[in-house]
Amino acid sequence: MTDAVERLTPLGLMVLALLDEDDMHAYEMLRLMRARNHGRIVALTQGTLYHTVARLERHGMIAELGVDRAGNRPERTTYRLTDAGAAALREWVRRELPRADRPDRFAVALAEAHNLPRDDVIALLGERRDAVARRLAEHIERRERVLAAGVLPQFLIQSEREDALAAADLDWLDAVIDRIRRPDLVWGVADIPPTDRYLAQREAARS
């Protein structure tokens with residue numbers, strides 16, 4: 001499992017997460033990702049997606065269900081998530097969510113955090129909060145030592161910015177952890193209500 005998780009790219013992780021919602025063909029995955037604006041956190045092109053799908057199938061994380069054709073559209077292969085893929089999905093998110101040193105991967109883990117139980121996400125984000133708080137305290141202490149040694153503040157503006165961003169991250173983490181705790185927040189794929197908007201988005205992606 002460790003090797004399988006390490007082989008997963010952020011885009012591969014998102015493909016597994018989509019198939020955790022339902023069986024899909026690659027074009028539907030692409031359209032759903034675009035509709036959900038996932039291109040802001042992963043490089044998303046048709047070529048990279050199809051390559052990623054093929055790689056996940058080779059590694060046994062997804063499996064082909066069948067090929068169909070509707071009207072004049074090209075043949076489309078539908079895939080399902082395997083047990084190995086589901087386990088890798090959850091382990092990847094669990095591993096990346098508490099880390100404070102890989103912001104790009106954290107962004108993807110956060111986008112797919114709903115694939116873990118609510119209480120687990122609260123605990124993992126709490127670990128991240130502790131890591132950010134420790135790093136912020138260390139940075140402030142280091143800057144104070146440097147200033148006391150006579151370094152001019154003008155040389156530490158970037159350090160001040162990093163600390164301001166870390167402080168903002170702490171405030172956000174406190175707020176989002178409290179929000180996730182609220183039972184009225186829909187959480188997890190199984191709890192997604194089959195609203196007209198959700199069903200219309202899925203239907204549009206299939207066509």
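The residues of the chain are indexed from 1 along the displayed sequence.
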Where the side chain of Trp92 meets the backbone of Ala109, is there a donor-acceptor pair that is under 3.5 Å apart?
-> no

Could you grab the distance from atom CD of Glu162 to atom NE2 of His139, nearest 0.5 Å is fine?
-> 6.0 Å

Arg118 (side chain) donor-acceptor with Leu185 (main chain) under 3.5 angstrom = yes

Could you please spell out the steps behind the side-chain contact (heavy atoms from CB on, under 4.5 Å) verdict for Val176 and Leu110?
-> CA-CA 11 Å; Val176 79; Leu110 186 63; 5.8 Å; no

Members sharing Leu165's hydrophobic cluster, built from side-chain contacts under 4.5 Å between Ile, Leu, Val, Met, Phe, Trp and Tyr, are none

Donor-acceptor pair, side chain of Asn115 and main chain of Glu112, under 3.5 angstrom = yes

Between the main-chain N or O of Leu44 and the side-chain N or O of Thr48, is there a donor-acceptor pair closer than 3.5 Å?
-> no

Under the side chain to side chain contact (heavy atoms under 4.5 Å, CB included) rule, collect the residues that match up with Leu152, sequence neighbours excluded.
-> Gln154, Phe155

Measure the CG-CD distance between Asp163 and Gln158 for me, rounded to the nearest 0.5 Å.
-> 10.0 Å

Side chains of Val67 and Arg76: closer than 4.5 Å at any heavy-atom pair?
-> no

Between Thr82 and Ala63, is there a donor-acceptor pair closer than 3.5 Å when you use the side chain of the first and the backbone of the second?
-> no

Do Arg181 and Asp119 sit within salt-bridge range, that is, some charged N less than 4.0 Å from a carboxylate O?
-> no

Minimum heavy-atom distance between Leu170 and Ala133, given as atom pair plus value | CD2-N, 3.8 Å

Stepwise salt bridge (Lys or Arg N to Asp or Glu O under 4.0 Å) test for Arg95 and Glu91 | CA-CA 6 Å; Arg95 183 180 301 179; Glu91 177 60 24; 3.6 Å; yes

Cluster link Ile140 to Val146, ILVMFWY, side chain under 4.5 Å = no

May I ask you to decide if Ala100's main-chain N or O and Arg135's side chain share a donor-acceptor pair within less than 3.5 Å?
-> yes

Show the numbers, then the answer: is there a side-chain contact (heavy atoms from CB on, under 4.5 Å) between Arg105 and Leu13?
-> CA-CA 10 Å; Arg105 293 171 76 89; Leu13 187 282; over 6 Å; no

CE/Met29 to CZ/Arg34 distance, rounded to the nearest 0.5 angstrom?
-> 14.0 Å

Neighbour count >12 (heavy atoms, 6.0 Å) for atom CZ, Arg182 = no

With Leu125, the side chain to side chain contact (heavy atoms under 4.5 Å, CB included) member among Ile177, Asp120, Asp174 = Ile177

Can you sort out the partners of Arg58 under side chain to side chain contact (heavy atoms under 4.5 Å, CB included), two or more places apart, ordered by chain and number?
-> Ala54, Arg55

Can you name the closest pair of heavy atoms from Leu56 and Gly12 and give their distance?
-> CD1-O, 3.7 Å

Does a side-chain heavy-atom distance below 4.5 Å link Leu147 with Pro153?
-> yes

Do Leu136 and Leu156 sit in the same hydrophobic cluster, where Ile, Leu, Val, Met, Phe, Trp and Tyr count as joined when their side-chain heavy atoms come under 4.5 Å apart?
-> no

Does NZ or CZ of Arg128 come closer than 6.0 Å to the centre of the six-membered ring of Phe106, within 45° of the ring's axis?
-> yes

Close side-chain approach of Asp20 and Arg90, heavy atoms under 4.5 Å | yes

Heavy-atom pair of closest approach, residues Ala166 and Val132 = O-CG1, 3.7 Å

Measure from the side-chain N and O atoms of Arg40 to the backbone N and O of Asn37, and report whether any donor-acceptor pair falls under 3.5 Å.
-> yes

Could you check if a side-chain atom of Leu124 sits within less than 4.5 angstrom of a side-chain atom of Val93, using non-hydrogen atoms only?
-> no

Should Trp172 and Ile41 be regarded as members of a common hydrophobic cluster, given that ILVMFWY residues are connected when their side-chain heavy atoms come within less than 4.5 Å of each other, either directly or indirectly?
-> yes

With side chains defined as the heavy atoms from C-beta onward, is the minimum distance between Glu28 and Leu18 less than 4.5 Å?
-> no

Over all heavy atoms of both residues, which pair between Leu173 and Arg129 is shortest? Give the atoms and the distance, please.
-> CD1-CA, 3.7 Å

Assess whether side-chain contact (heavy atoms from CB on, under 4.5 Å) is satisfied between Arg143 and Glu160, documenting all intermediate values.
-> CA-CA 9 Å; Arg143 186 168 65 251; Glu160 292 175 4; 3.9 Å; yes

All heavy atoms of Leu97 vs all of Ala113, minimum pair found to be CD2-CB, 4.2 Å

To the nearest 0.5 Å, what is the distance between OG1 (Thr78) and NE2 (His25)?
-> 6.0 Å

Considering all heavy atoms of both residues, which atom of Trp187 and which atom of Val121 are nearest to each other, and what is their separation?
-> CZ2-CG2, 3.7 Å

Mind checking the CZ-CD1 spacing from Arg179 to Ile122? Nearest 0.5 Å is all I need.
-> 12.5 Å

For side-chain contact (heavy atoms from CB on, under 4.5 Å), just list the numbers for Tyr79 and Val53, CA-CA rounded to whole Å, side-chain angles, deciding distance to a tenth of an Å, and then say yes or no.
-> CA-CA 9 Å; Tyr79 297 92; Val53 167; 3.6 Å; yes

So CG of Leu81 and CE of Met24: to nearest 0.5 Å the spacing works out to 10.5 Å

